[in-house]
Amino acid sequence: MGRTARARRAAAAVVLLAAAMTASLTTGCTNGRGPADDGRGPATTPTPSPRPSDSGDDEAVADAGPVLAVKIDNVRGARPQTGLTEADVVYVEQVEGGLSRLMAVYASRLPKVVGPVRSARETDLELLRQFDRPTLAFSGAQRKLTPLIDGAPLRAEPPGRTSGAYFRAADEAAPHNLYLRPGRVLPAAPGAEALTTGFTFGAAPAGGTAQRTRTVRFPAARFTFTWSAERGRYLVTMDGTPATTADGTRLAPATVVVQYVRVRRSEYFDARGNNTPFSETVGTGKALVLRDGTTHSVNWRRATAGDGTRFTTGDGTPVTLAPGQVWVVLVKA
């Protein structure tokens, strides 16, 4: 897809998001206690923590550059993570041994620290083709995958490329102690117009089924999303444990998309000989959109790697997502 077409798609999404956010702000408060929570953490910097802090965000600056995508460890020993609440989109993908790994995408604002950072996978390269030359922060990759990363239309940001971008947390064990300072690799958050995902945001669509809780299973991982009417978003539980960030903030996206995809064997293996699964995100399929305590059964379509993903009803009507953070869980169809 050409840059002009991509820019039109991004602009349309931003207009819808801006309109939805304006409507949300016009309503004023959540339960009368203050501004509505958009699911991406506080706008001010809280008291520093002895662990890497989730605090702070940079002002969104138009045309400041590409989105930042960070590969984040998600095994039990890597939790709680840092910097997830500021992400616009969090992708959940299956990796070796049936475990999961996250890819957090930042456009509206940047946290001061993100991590723990882990290695990239082939699935990431296809997902990231929907953005204009994104920056991918990761801790390494399988040797045979490295040439594909080098040839991909992205800016690779592994440790050692930019001075001071990464550091090791002294109070945590390797390999779950590598963290990124996003401000060292991007001058500022690029703004929502850089989110060329194809998502549309707005008021809740008609129909759907009232459902408070949804559990999604990988071979060796489990995610439960529970609707909180008080907070107006979904509380995340991983492997039976409430998911929080390092500063104690509960992970709580406004929308959860359970996207059913083909998961196949790739040509890559980890050091133990486990095959790396590849999740195909180009094509068509079924999905569930969870928002406002209601589950919508939808279709997804992504014609080419350069396109974003569209979610529609059976008659082709776009399905809008709730303003705020979106989690996309890629599960085997």
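Note that the structure is a prediction, hence the values are computed from the model and not measured.
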Practice task
Evaluate side chain to side chain contact (heavy atoms under 4.5 Å, CB included) for N74 paired with F223, printing each intermediate quantity in order.
Solution key: CA-CA 12 Å; N74 197 40; F223 298 83; 3.6 Å; yes

Treating [X] as the side-chain partner and [Y] as the backbone partner, does any N or O pair qualify as donor plus acceptor under 3.5 Å?
X    : Y    : answer
D88  : A107 : yes
T123 : S279 : yes
Y179 : T82  : no
S139 : S119 : yes
R181 : G164 : yes
R291 : P205 : no
E126 : T281 : yes
R161 : A156 : yes

Measuring from atom [atom1] of [X] to atom [atom2] of [Y], what distance do you get when rounded to the nearest 0.5 angstrom?
X    : Y    : atom1 : atom2 : result
D239 : R217 : CG    : CZ    : 10.0 Å
F199 : Q130 : CZ    : CD    : 6.5 Å
K144 : T276 : NZ    : OG1   : 11.5 Å
D292 : W227 : CG    : CH2   : 5.0 Å
F311 : R302 : CZ    : CZ    : 10.5 Å
W327 : Y234 : CH2   : OH    : 14.5 Å

Smallest separation among heavy atoms of [X] and [Y], with atom names:
X    : Y    : value
E93  : L127 : OE1-CD1, 4.2 Å
P242 : G240 : CD-O, 4.1 Å
V263 : P277 : CG1-CB, 3.7 Å
P66  : L186 : O-CD1, 3.7 Å

Handout entry: Derivation of the side chain to side chain contact (heavy atoms under 4.5 Å, CB included) call for V92 and L102
Key = CA-CA 5 Å; V92 184; L102 310 179; 3.7 Å; yes

Handout entry: Connected via hydrophobic side-chain network under 4.5 Å: F278 and V331
Key =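 Per the 4.5 Å side-chain linkage, F278 and V331 are not co-clustered.
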
Exercise for the section: Before accepting this row, confirm whether a basic side-chain N of the pair R121/E96 lies closer than 4.0 Å to the acidic partner's carboxylate O. Expected result: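 Yes, this pair counts.
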
Handout entry: Residues, nucleotides or ligands: over 12 heavy atoms within 6.0 Å of R301 CZ
Key =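 Not buried by this count: 12 neighbours or fewer within 6.0 Å.
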
